[in-house]
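Labels below follow one simple rule: chain letters A, B, ... track the order of the sequence lines, proteins then strands, and each chain is numbered from 1. Values below: every heavy atom of this structure, side chains too, minus hydrogens, waters and symmetry copies.
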Number of protein chains: 2
Amino acid sequence: MPRRAPPASSIKDVAALAGVSIATVSRVANGVLNKASPETVARVRQAIAALDYRPTSAGRALRQRTSRLVAVLAANLANPAMAAIAASAEVALRENGLVMVLCDTHDRPELQDEYLREMLAQQARAIVLLGAVDSPMLRKLHATPTPLVFVNRRSPVAGTGRFVGIDNRAAGADVARWALSKGLGKAALIHARSASSATRDRVAGILEGFSAEAAALDPAAIRSPEGRDHLAIGREGARQLIEDGMAPALVICTSDLIAYGAARAWREAGLAAAMPRMIGFDDSPLNDWVAPTLSSVRIPYGAFGEAIVAAVTGADRSSGLVLPHLLVERG
Amino acid sequence: MPRRAPPASSIKDVAALAGVSIATVSRVANGVLNKASPETVARVRQAIAALDYRPTSAGRALRQRTSRLVAVLAANLANPAMAAIAASAEVALRENGLVMVLCDTHDRPELQDEYLREMLAQQARAIVLLGAVDSPMLRKLHATPTPLVFVNRRSPVAGTGRFVGIDNRAAGADVARWALSKGLGKAALIHARSASSATRDRVAGILEGFSAEAAALDPAAIRSPEGRDHLAIGREGARQLIEDGMAPALVICTSDLIAYGAARAWREAGLAAAMPRMIGFDDSPLNDWVAPTLSSVRIPYGAFGEAIVAAVTGADRSSGLVLPHLLVERG
DNA sequence: AAAACTTAGGAAAACGTTTTCCTCAAGCCG
DNA sequence: CGGCTTGAGGAAAACGTTTTCCTAAGTTTT
């Protein structure tokens, strides 16, 4: 039933053509040059080129007990920010001879576990979690040597795995400081009811930032409704604020998507003219195009790829990388 | 240097635990039940569960000469429409026991070739091209048994590969008919200067649709500037229209992203109030949230996944699947 | 009761690599 | 000239599966 792959040329063919043993071909192909004379190397290289040979990954993976695959498990690919990270990671991995396998866990623990299992069977070189959720397999994995990299959200198991992301708490505080220094007036906050460390830290930072200036956020102006995605959460949160007669001058959202949703609620309420100022997190690349008045905390997603590679290859022994964020003001 | 994967339990361990040969374990694991007694099957199953055994893909791929990997080569992951297709494909593939490997070719032939080579080395079960571009390797691949599936854009090599997408020509004609029947007045057209069959067919359909009603699109109102992405193209095209004093009542864009770009140009020109009506293609899921006045031809991206799987597994012998589109009117 | 099947399961080959030893020859030192 | 070292390269094992035979017992058919 399984369709056979094309009978590509194998190492044997190259060896035969070059008149050497397969061991030599393998060495040359892998850049081990001190075991063959320059002439032999040249001959083998020529044969490789002539046959368009490339080592089959299955054979290599079998022998080396690890593949060139790096699994990236994203919580939600529909989120442009996640897609941006994935794209950036893909480029960086490729440049390091690794291949990205991208999966969408939909933030569901069972699905995440299923993927973790599969990637273990694939002998993935490393597993990158773009928004991890706690799950049994994840805990088991911590006991294995497979490198685990947590992006945006920290590992649900304290003190394990490398982290790549921004300092969300500091970013939250920055937003609060900015709001106060601008004298924007009454602020509201909409965030996801998620247990993710990113959201938690942002919210904590925001609250801290306000209280550090002896100001405070009206608890009635904080909303964290349930919702199937950030867009819906933002819309629902804003709807509640409007319904309750709140008229904030600024709405802080813990993601750009939440802000998109909130803006829609204001439009739908016929209050487009009285739309409050808004600020989100991520600074989605689309903002300049579709949300010209949305301020946002820019997260350098384009730089995540390299950071992820560094974490994957364990180039630095540190427990992770904290990248800089930047508050981008619009509108 | 390569970090070793955890010493997961292998088929031998299972065999030892169940007191059978590895052949029997393999058979049971693959659901071949007519070669073992029910009791043996049960015993093996128990051992498999106890050891949390899952066949290593490298061994399997080596023996079967094909892997469970399906390569998806996307032209541009930053495009939410592509991301949506990828997400949909990923789910459908997974449900069929296949694993998606996602790559971003950035519409560049060399990069596409590099990925094609790599995926051949990975013994990918099939290769899905989300926006293929012509390239040497692609032509070579047509001679191999590896199934090739073209999504959105048809194969650059006539008559080869399966196709999944909508009838772009008909969709273009639908847009023209809609514009005329609504009596919207003077229309403009912005499209990418791409050689992709999707864009070509849409443009052709639009022009045909107009002439079929004995109307015509002012050639001076058709723009196809160069640009690094659709957003930039839309912005530049609109900028040209504005500069040339065109004041179309409707701007037809061959993608939603182009329309986003065009809208930005009008805003930037200080003409937000006089923004023409717009219609795009894709109907990005984000439209309802960020572009409430953008009409669009909805492409059922959520259904692409299943169609792709059907094409990949060759379940139907047809040369491809044409899915229905739908004109969604907004604003 | 011999012959022919069936059932349950095992032994072993094959898949394509990488890598660990070997070997053989040449060059060097004493 | 005998013993080292070094350079160049080969033979073969091992990795974990799947699958093709094979076998030995039991069961049916003549």
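Of the candidate nucleotides C/dT19, D/dT18, C/dG9, D/dT18 has the atom nearest to the side chain of B/Ile11. Of the listed nucleotides (C/dT18, C/dG9, D/dT17), C/dT18 has the atom at the smallest distance from the side chain of A/Ile22. Nearest to the side-chain atoms of B/Thr56 among the listed nucleotides C/dT18, D/dG16, D/dT18 stands D/dG16. Comparing D/dT19, D/dG9, C/dT18 by their nearest atom to the side chain of A/Arg63 picks out C/dT18. Minimum atom distance to the side chain of A/Tyr53 is reached by C/dT17, of the listed D/dT18, C/dG9, C/dT17. Candidate nucleotides D/dT17, D/dG16, C/dG9 were compared by shortest atom distance to the side chain of B/Arg27, and C/dG9 ranks first. Checked against C/dT17, C/dC15, D/dC15, the side chain of B/Lys12 finds its nearest nucleotide in D/dC15.
Separating the CD atom of A/Glu39 from the P atom of D/dG9 is a distance of 8 Å, rounded to the nearest angstrom. Rounded to a whole Å, the CZ atom of B/Arg60 is 16 Å from the C1' atom of D/dC15. D/dG7 atom P lies 14 Å from atom CG of A/Leu33, rounded to whole Å. Protein atom CG of B/Leu120 is 14 Å distant from nucleotide atom P of C/dG16, rounded to whole Å. If you measure from atom CG of B/Asn34 to atom P of C/dA8, you get 9 Å, rounded to the nearest angstrom. Summarising the geometry, the separation between CG on A/Asp13 and C1' on C/dC15 is reported as 13 Å, rounded to the nearest angstrom.
Residue B/Ala58 is the one, among B/Ala58 and B/Lys35, whose nearest nucleotide of DNA chain D lies closer to the 5' end (criterion: closest heavy atom).
Put simply, A/Gln64 has a side-chain N or O that comes within less than 4.0 Å of OP1 or OP2 on C/dT19. One finds no side-chain N or O of A/Ser10 lying less than 4.0 angstrom from the OP1 or OP2 phosphate oxygen of C/dC15. The side chain of B/Arg65 contributes no N or O atom lying less than 4.0 Å from OP1 or OP2 of C/dC15. The phosphate of C/dG16 has neither OP1 nor OP2 within less than 4.0 Å of any side-chain N or O from B/Gln123. Within the 4.0 Å cut-off from OP1 or OP2 of D/dA8, not a single side-chain nitrogen or oxygen of A/Thr24 is found. Between A/Thr40 and D/dG9, a side-chain N or O to OP1/OP2 separation shorter than 4.0 Å is present. Taking side-chain N and O atoms only, B/Asn30 has a distance below 4.0 Å to OP1 or OP2 of D/dT18.
Heavy atoms of A/Ser26 sit under 4.0 angstrom from at least one base atom.
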Please evaluate residues A/Gln123 and A/Ser67 with respect to the criterion side-chain hydrogen bond (donor to acceptor under 3.5 Å, both in side chains), reporting the C-alpha separation (whole Å), side-chain torsions for both, the decisive distance (0.1 Å), and the verdict. CA-CA 6 Å; A/Gln123 295 175 105; A/Ser67 74; over 6 Å; no
Given A/Arg117 and B/Asp52, is the side chain to side chain contact (heavy atoms under 4.5 Å, CB included) satisfied, shown in steps? CA-CA 9 Å; A/Arg117 252 180 244 283; B/Asp52 203 14; 3.0 Å; yes
I'd like to know whether A/Leu148 forms a side chain to side chain contact (heavy atoms under 4.5 Å, CB included) with A/Arg162, so could you lay out the CA-CA distance, the side-chain angles of the two residues, the decisive distance to 0.1 Å, and finally the verdict. CA-CA 6 Å; A/Leu148 248 35; A/Arg162 294 154 190 266; over 6 Å; no
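Contact between B/Ala75 and B/Arg153 at its shortest, heavy atoms only, is CB-NH2, 4.2 Å.
With hydrogens and angles ignored, the 3.5 Å screen pairs a side-chain donor or acceptor of B/Glu90 with a backbone N or O of A/Asp104.
In this structure, A/Val128 and A/Val312 have side chains that are in contact, with non-hydrogen atoms separated by less than 4.5 Å.
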